[in-house]
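Right, one structure below, let's go through it.
Quick note on labels: first sequence line is chain A, next is B, and so on, each numbered from 1.
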Amino acid sequence: MEWYARYGRATLPWRAIRDPYRTLVSEFMLQQTQVDRVVPKFEAFVERFPDVEALANARIADVLRLWQGLGYNTRGVRLANVAKEIVSRFGGVIPANVEALQSLPGIGPYTARAIAAFGFDEPLAPVDTNVRRIVHRVFFGIEHPPKAAPAQLDERAQELVPARGHDWSSALMDLGATICTARAPKCMLCPLYDECASAPLDAAVVERLRREHAKAPSPQNAIPFETTVRYARGRVVDRLRELPPGEAISFLDLHRELATLERSREELSEVVAALERDGLVTSRPEGLSLRE
DNA sequence: AAAACGGGGTG
DNA sequence: CACCCAGTTTT
């Protein structure tokens, strides 16, 4: 905690102002997404949608426009749906209870605990990739190969949490993001050096062990990203984001404009259908648009 | 248990 | 250029 007081990222916008709604928004944006890329998006988002009610009344299309550049666009849809459910099921008040939180769309075990800990200062351990890595290195040794099961790491992380959860978990995550990093840990700067089962860790050794225990590359890593469905989805959503609010584009126009994708009408149709199922896109007689 | 889901920074 | 990132949902 002394290290955190001195070197922690206290000015992150969801820490400078503590508020469960800001915690909710930040945690959705931070799923699988680095802090540096979230900060500017977060600030624009909470300015446009300052509270649960504003977000509950938002058009999905506007949420998705603010989501540009973050990736995993269904997170934006789910976040807006969470706001609606909070209004309809919880009277507009974000629950502090983990089970209630996890019943909401897009909130899994990590995010439920993160909202409870960061939003309500509950003594719970949100175990993200940082906490997982730190706990593994400190108590079980270097994580390549893994010597601890996920359940063991959860349990060990939870045992560490003091009475108030916010600063403790913030500290662990900052340590993981800046010192106890995945590739090139800076053990010589680490406040846990003396208690750590892995210190001092040499970056070259980490790299070698990682390589030795690397899983066989999945076949889709061998093909160019531009040929993947994910890429096609991204280009479709990008095109629909450009549409002025209220306007639509016909499927055939979309297919023509996205000719560089080299997708047949049938293939592109399947991409659009999946986006519809995911709640991002609406198909009407006038054409396609982001969902209202 | 494995795959799908984005996109940008990094060593 | 493979890996990594405040994970969750679907298959």
Side-chain angles (χ1 to χ4, degrees), chain A residues 8-9 12-15 22-42 64 67-79 81-82 101-119 124-134 143-144 150 154 157 165-166 168-178 180-186 203-204 206-211 213-226 228-238 241 270-271 274-275 277-280:
Chain A
R9 299 173 293 182
L12 291 177
W14 47 88
R15 288 187 187 161
R22 295 168 70 92
T23 303
L24 170 70
V25 172
S26 66
E27 287 305 333
F28 265 80
M29 290 186 170
L30 286 162
Q31 289 170 358
Q32 291 283 285
T33 308
Q34 290 93 330
V35 166
D36 289 347
R37 198 142 53 87
V38 166
V39 167
K41 301 294 178 179
F42 173 84
L64 291 176
W67 210 263
Q68 180 153 38
L70 283 175
Y72 289 138
N73 297 307
T74 58
R75 288 183 297 169
V77 176
R78 289 174 183 150
L79 176 58
N81 288 336
V82 163
L101 286 164
Q102 213 172 326
S103 76
L104 296 164
I107 298 185
Y110 164 76
T111 304
R113 283 166 181 74
I115 294 171
F118 297 135
L124 294 170
V127 182
D128 74 331
T129 188
N130 293 301
V131 174
R132 195 156 43 239
R133 187 173 57 249
I134 293 171
E143 68 275 26
H144 298 298
D154 277 11
H166 186 118
W168 175 258
S169 289
S170 297
L172 277 188
M173 290 181 185
D174 286 4
L175 189 69
T178 62
C180 193
T181 57
R183 305 247 211 134
K186 304 169 181 61
V206 175
E207 172 71 5
R208 181 174 59 76
L209 290 175
R210 191 182 57 66
R211 213 176 283 287
H213 296 93
K215 290 178 253 186
S218 86
Q220 50 188 323
N221 286 338
I223 62 179
F225 183 63
E226 288 71 18
T228 63
V229 169
R230 277 158 102 113
Y231 180 75
R233 283 173 62 103
R235 303 294 70 72
V236 170
V237 172
D238 270 349
R241 269 197 273 250
E270 195 41 61
V271 169
L275 289 170
R277 286 195 295 274
D278 292 341
L280 286 87

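- No contact: A/Asp278 has no heavy atom under 4.0 Å from any strand.
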Contact string for nucleotides 5-11 of chain C, one letter per nucleotide 5' to 3', B = base within protein heavy-atom range under 4.0 Å, S = sugar-phosphate only, - = neither, reads BBBSS--
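- Considering only side-chain N and O atoms, A/Arg75 lies nowhere under 4.0 angstrom from the phosphate OP1 or OP2 of B/dA4.
- Separating the CD1 atom in A/Ile115 from the CG atom in A/Leu104 is a distance of 8.0 Å, to the nearest 0.5 Å.
- The gap from the P atom of C/dA6 to that of B/dC5 amounts to 23 Å, rounded to the nearest Å.
- Comparing A/Glu207 and A/Asp238 along DNA chain B, the residue whose closest nucleotide (by nearest heavy atom) sits nearer the 5' end is A/Asp238.
- Below the 3.5 angstrom threshold, one finds no donor paired with an acceptor across the side chain of A/Arg233 and the base of B/dC5.
- Rounded to whole Å, the distance from CD on A/Gln68 to P on B/dG6 is 13 Å.
- Partners of A/Phe28 according to the ring pair (Phe, Tyr, Trp, His ring centres under 6.0 Å) rule, which considers only residues two or more places apart in sequence or in another chain, do not exist here.
- An OP1 or OP2 oxygen of C/dA2 is reached within less than 4.0 angstrom by no side-chain nitrogen or oxygen of A/Arg183.
- The interatomic distance linking A/Phe225 (CZ) with C/dC4 (C1') rounds to 15 Å, in whole Å.
- Spacing between B/dG6 and C/dT11 at atom P, rounded to whole Å, works out to 14 Å.
- The distance from atom CZ of A/Arg235 to atom P of B/dC5 is 14 Å, rounded to the nearest whole Å.
- Whole-Å rounding puts the A/Leu70 CG to B/dC5 P distance at 18 Å.
- A gap of 24 Å separates the P atoms of B/dG8 and C/dT9, to the nearest Å.
- A/His144 is linked by a ring pair (Phe, Tyr, Trp, His ring centres under 6.0 Å) to nothing, counting only residues two or more places apart in sequence or in another chain.
- In this structure, A/Lys41 atom NZ and B/dG9 atom C1' are separated by 15 Å, rounded to whole Å.
- Under the salt bridge (charged side-chain N to carboxylate O under 4.0 Å, His left out) criterion, A/Arg183 pairs with no residue, sequence neighbours left out.
- To the nearest 0.5 angstrom, A/Leu280 atom CG is 9.0 Å from A/Arg241 atom CZ.
- What separates CG of A/Asn73 from P of B/dG7 is a distance of 6 Å, to the nearest Å.
- Atom name C1', nucleotides C/dC5 and B/dA1: the rounded distance is 22 Å, in whole Å.
- Applying the salt bridge (charged side-chain N to carboxylate O under 4.0 Å, His left out) rule to A/Asp154 yields no partners; only residues at least two apart in sequence or on another chain are considered.
- If you measure from atom CZ of A/Arg211 to atom P of C/dC3, you get 8 Å, rounded to the nearest angstrom.
- For the salt bridge (charged side-chain N to carboxylate O under 4.0 Å, His left out) test, no residue two or more places apart in sequence or in another chain qualifies with A/Arg78.
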